Number of protein chains: 2
Amino acid sequence: MAGVTLKQLITHVIYREKAMEVSKAEFEILNAIWAEYPCTAKDVVDRLNQQDSWHEKTVKTLLGRLVKKQAISFEKRSRHYLYQPLIDKNEYIIKESDNFLKRLFGGKVSPLVASFAKSEKLSQNDVDELKKIISDWEQSND
Amino acid sequence: MAGVTLKQLITHVIYREKAMEVSKAEFEILNAIWAEYPCTAKDVVDRLNQQDSWHEKTVKTLLGRLVKKQAISFEKRSRHYLYQPLIDKNEYIIKESDNFLKRLFGGKVSPLVASFAKSEKLSQNDVDELKKIISDWEQSND
DNA sequence: AATTGTAGATTACAGTTGTAATCTATGGTG
DNA sequence: CACCATAGATTACAACTGTAATCTACAATT
């Protein structure tokens, strides 16, 4: 620990206080794990490579970072690790959505939908789905 | 330019090819400018400080970065600059929303709304607004 | 048992970001 | 006209990111 500045030390000590932030690339990894877990690093690589092209080394790095951030954990199975999420997908997605809506739309969904409607990014199908969601909501809120 | 690696050079040459990325802090600045422009750095600081606390130096740095990224431009007025956006607020917001929805919800709005409904983050007011948006949409799409 | 492929650990490295402090030049003030 | 406050320019700097290459150790194979 030689050469560590006081600031670094303090930063480290209060690390746990900070809200955990998952970067975009890390989220892709997390998402692949959520698909089915526990799973190996190879599983993750394979899943990701169905869509895009991820270098195995990159995926390993990101898995390591997610472990350090305590977003996932692993269990040793002889040669390889079995990874598994420590955070819930729905919870995470809600939190992220909430943050996003706060930053851009005052925290509400409707302005987003309105903005999509205005720029013609809303299809009949989207509207049908929205109507269904609304009627379900009304069903359970009276 | 001595000591520049080939990779750096290439990165720089193809710089314009990359989609411009505005960071979160930069977005706050942009947002303050969109409120009313042209405006000075001081205007931006004042506007931001109505809500949060921004250091003047930080704001200046971010203004500089936005200029470099060609997200805003300025015009000299003797001692100070008059800043003004180079990107349209609605366009930017739509693009960001689209990206966000692609990353988390397969690109569609309804799953976001559904997820909000499920976690009880939807108020009667939100629902009323959504209904209004939908009926307006249907009005103009038949 | 020696060898080797491979899994994870460590190291690399430039770019971005948040957050400012310091430098420099100039317009306004006494 | 000299001086200074201040605006913008430059510099700082650690953390985070994306993207991998290299190192190290062990399990499976011959």
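Treat the numbers as computed from the prediction; the structure is a model and nothing was measured. Chain letters run A, B, ... following the sequence lines, proteins first and then strands; every chain starts at 1.
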Can you tell me the distance, in whole Å, between the CD atom of A:E21 and the P atom of C:dG18? 11 Å

Tell me which donor-acceptor pairs under 3.5 Å the side chains of residues 113-124 of chain B have, and how far apart each pair is, sequence neighbours excluded?
unit_1, atom_1, unit_2, atom_2, d
B:S119, OG, B:S115, O, 2.9
B:K121, NZ, A:D98, OD2, 2.9
B:S123, OG, B:N125, N, 3.3
B:S123, OG, B:D126, N, 3.1
B:S123, OG, B:D126, OD2, 3.1
B:Q124, NE2, B:D128, OD1, 3.0

Tell me the salt bridge (charged side-chain N to carboxylate O under 4.0 Å, His left out) pairs involving residues 25-37 of chain B, sequence neighbours left out? B:E26-B:K69

Can you run down the side-chain hydrogen bond (donor to acceptor under 3.5 Å, both in side chains) pairs that involve residues 47-58 of chain A, sequence neighbours left out, and say none if there aren't any? A:E56-A:K60

NZ (B:K95) with more than 12 external heavy atoms under 6.0 Å: yes

Judged by each residue's nearest nucleotide on DNA chain D, which is more toward the 5′ side, B:Y81 or A:K24? B:Y81

So if I define the base as every atom that isn't primed, P, OP1 or OP2, how would nucleotides 19-28 of chain D read as a B/S/- string at a heavy-atom cutoff under 4.0 Å? BBBB---BS-

Using atom NZ of A:K60 as one end and atom C1' of C:dA12 as the other, report the distance to the nearest whole Å. 18 Å

Roughly, in whole Å, what's the span from NZ in A:K68 to P in D:dT17? 12 Å

How many whole angstroms separate atom CG of B:L66 from atom P of D:dG8? 14 Å

Sorted by number, residues from residues 92-105 of chain B placing a heavy atom under 4.0 Å from DNA chain D are none

Only counting residues at least two apart or in another chain, list the ones meeting salt bridge (charged side-chain N to carboxylate O under 4.0 Å, His left out) with B:D88. none

Going by the rule side chain to side chain donor-acceptor pair (under 3.5 Å), which residues pair with B:E138 if we only count those two or more places apart in sequence or in a different chain? A:K131

Interface with DNA chain C, restricted to residues 28-46 of chain A and to heavy atoms under 4.0 Å: A:A41

For D:dT17, take OP1 and OP2 only and decide whether either is under 4.0 Å from a side-chain N or O of A:K69. yes

For A:F74, enumerate each residue passing the ring pair (Phe, Tyr, Trp, His ring centres under 6.0 Å) test, keeping only those at least two apart in sequence or located in another chain. A:Y81

Search all heavy atoms of B:M20 against all heavy atoms of B:A71 and return the closest pair with its distance. SD-CB, 3.8 Å

Quick note, ring-ring contact (aromatic ring centres under 6.0 Å, His included) partners involving residues 31-51 of chain A, not counting sequence neighbours, are A:W34-A:Y92

For atom CG of A:L63 and atom P of C:dT6, their distance in whole Å: 18 Å

Round to the nearest Å and state the distance from B:R77 atom CZ to C:dT26 atom P. 19 Å

Residues 103-110 of chain A side chain polar contacts: donor-acceptor under 3.5 Å, at least two apart:
unit_1, atom_1, unit_2, atom_2, d
A:K108, NZ, B:E129, OE1, 3.1
A:K108, NZ, B:E129, OE2, 3.0
A:S110, OG, B:E129, OE1, 2.5

In terms of the nearest nucleotide of DNA chain D, which residue is placed more toward the 5' end: A:E26 or B:E56? B:E56

Sequence neighbours excluded, which residues qualify as salt bridge (charged side-chain N to carboxylate O under 4.0 Å, His left out) partners of A:E75? A:R77

